[in-house]
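Computation of the quantities below employed the complete heavy-atom set of this structure, encompassing side-chain atoms and omitting hydrogens, waters and symmetry-equivalent molecules. Counting starts at 1 for both ligands and their atoms, following the listed order.
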Amino acid sequence: MAVKTETYEFQAETKQLLDIVIHSLYTDKEIFLRELISNASDALDRLRFEAVKKPELLDPEEELEIRLDPDSDSRTLTISDNGVGMSRKEVIDNLGTIAKSGTRDVIAKMKRAKNSEQAAQLIGQFGVGFYSAFMVADQVEVETRRFDQKTGTRWVSQADGTYTVETAQREQRGTSITLHLKPADSDEGLEDFSQSFLLERLVKRYSDFVAYPIKMRQRREVREKDEEGKPKEAGKTEIVYEDKTLNSMKPLWARPADEVKEEEYNEFYKHIAHDWEDPLARMTFRAEGVREYQSLLYIPSRAPFDLFFPDADYGLQLFARRVNIMDACRELLPRYLRFLKGVVDSSDFPLNISRQRLQNDRHVLQIRRWLTRKVLDELGKMRREKEETYLKFYKQFGAILKEGVGQDPDNRKRLLPLLMFESSNDPEKLTTFDGYMERMKEGQKAIYYLQGESRAIVENSPHLESFRDKGIEVLFLTEPVDELLVQQLTDVKDKPLKSAAKGELDLAEEEEKDEEAKKQEEEERSSFADLTKFLQEKLEDKVREVRLSKRLTESPACLVGGEHDPSPHFQRLMEKAQMASPGIKPILELNPKHPVITSLKDRLSKDKEDPVLTDYADLLLGYGLLSQGSELPDPARFNKLLADLMAKGL
Ligand code: ADP
Ligand code: MG
């Protein structure tokens, strides 16, 4: 029967990615080996997971292994495994397309990258795995057979935009990838990857910890021996071939920490995290006692693009006595620590535990509680002792940490000192709650914050005027997650957390108020009663109340929310996400000391029908909306009023 070969085109994104990979964005071409070994090791893991359901899949005689077969005459290198293998459809899906969401974005960014270093960083975020083979080979052949199928599949590509697929006979389950190596060129970082001594070195360097033997057939000359087993002086030499295992297979966490090189830790991270960049930090924990567990965790250098996608995968690898029993085990971490990568090894799990069982397993819960505390303590230590690293971490993952305040109230004591905010105290430096509290004014009753899209918008808000005047610090909350944070967190160390833009604010309360002052306030309020009532009626559809303000010193007016309203910033986010906006009306506050407001009061007392009053009602509302970053209900009318005013002013 003739074999039918079909030719396919790579998906457009894949083609672009391949182009970028081939045109040498990465100088370290040798890492292709790490990537292919890592895939082989994943395939063996997956076979073992399958065998949990069907133990007959594994023949006790047969070792799960990875093989390297270099051939320097034909200049090829074959990397094989006897893992799960792929069906024809899987070959096309896995090797012809990039399924990960967000691919398009990353590729677009990569094309805009200024230099190859920047592109390499982007690709690091994304990882090209299998395609890295094309950095060193001009033709790649994949022969594979899925563990539960009879026929195999051959996939061949020269990375010219197409690949071919045909049916292939293959004795053994698993996958072999044959690289037709490009000519060696040391300027390009292309060494002769068909040399076994080089492969041996690369395996040691990048893949020593891989849990399956990585074997290579080696040629050895053996001299004929005499009766005592000693090589004969003039004996014949015989050539023997034997397998050599190139890696130690020892998991890093099982080795004494001072024997493991930093580079080995980093390579292990890249293997499990599918990352190309070194991690930012590493943590190792060990619990001994009734139950024993160990954990080796890493913080990546960069947040993945899907960190805030609700369905993005996360979790740690779970090992039972050094055997990987689950890949992305979510149960081992709370959601707000999902940025961590790493492994947990415990002696207490059966090798065939199912995901469902894990979900309600008391032991897993226990590990999770232990791990969470350890991680938070470690982060606390990093903040105190390695500020620079902590700030790097915080820039990438701070927002996600804030989710923890709501998700994990039990650990608030550990979490709160980790949170950092922009603040009116310093144009650049972030502050913690503790830092803020140290700077609080004597007798200050609350921690104040202001929410908005960006520091620039918040900083120029009229809501800050009296705070600036009195020298009271305000935290600037500019991330979407901050809305959740302030809903969940009502106070810190007995100090209430208060929005500078919500509720009735009276900073004078921070000082003691005497009777005289109170009387004056009351008089002021009644003298403006007509104006507030008038504006209230005029703006009935837009605001729920008009009142005098104590937070303004320079601006004539501002909008504020009720004590428990979501911030205008949050309401805008909801609208953008096309979620029902709660439609909460704000409160308009007037500055009784401002000439515009006092003049309006006078105009009103002279003539209630004065058309200027209606115009000013709309102007004041527009002023308030713009200063909090909101859109105007009728921009055309606002502009016309403004133009009229401008004409008068000249
Ligand atoms: P990743 O490993 O991050 O998923 P790769 O580009 O390295 O991405 O590999 C793409 C996919 O191809 C893998 O997810 C896997 O499904 C499949 N694959 C690659 N190599 C093998 C292999 N040796 N055995 C089985 N499947 C493989
Ligand atoms: Mg891979």
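Near Phe130, meaning under 4.0 Å from one of its heavy atoms, ligand 1 places the atoms 5 (P), 6 (O), 7 (O). Heavy-atom proximity to Leu95, at under 4.0 Å, picks out these atoms of ligand 1: 12 (O).
Between Lys374 and Asp377, no side-chain nitrogen of the basic residue sits less than 4.0 Å from a carboxylate oxygen of the acidic one, so the salt-bridge criterion is not met.
The N/O atoms of Asn94, backbone and side chain alike, include one that comes under 3.5 Å of an N/O atom in ligand 1. In terms of polar-atom proximity, defined here as any N/O pair under 3.5 Å, Gly85 makes no such contact with ligand 1.
Using the six-membered ring where Trp is involved, Tyr298 and Phe268 have ring planes that are tilted, between 30° and 60° apart. Below 30°, between 30° and 60°, or above 60°: for Phe32 and Phe193 the angle between ring planes is above 60°, a perpendicular geometry.
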Item to check | Worked check of side chain to side chain donor-acceptor pair (under 3.5 Å) between Thr76 and Ser74 | outcome: CA-CA 6 Å; Thr76 57; Ser74 63; 3.1 Å; yes
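The proximity of Leu36 to ligand 1, defined as any non-hydrogen pair under 4.0 Å, does not occur for either the backbone or the side chain. Of the heavy atoms in Arg46, only side-chain atoms (C-beta onward) come closer than 4.0 Å to ligand 1. In Glu35, neither the side chain nor the backbone holds a heavy atom less than 4.0 Å from any atom of ligand 1. With a 4.0 Å heavy-atom cut-off, ligand 1 is reached by the side chain of Asp81 but not by its N, CA, C or O.
Using a 3.5 Å distance cut-off with no hydrogens or angles, the side chains of Asn39 and Ser41 do not pair a donor with an acceptor.
Taking the ring centre of Tyr265 as origin, the terminal cationic atom of Arg282 falls inside the region bounded by 6.0 Å and 45° from the ring axis.
At most 12 heavy atoms of other shown residues, nucleotides or ligands fall within 6.0 angstrom of atom NZ in Lys392.
Put simply, Ser38 stays out of reach of the Mg ion (ligand 2), with no N, O or S atom under 2.8 Å from it.
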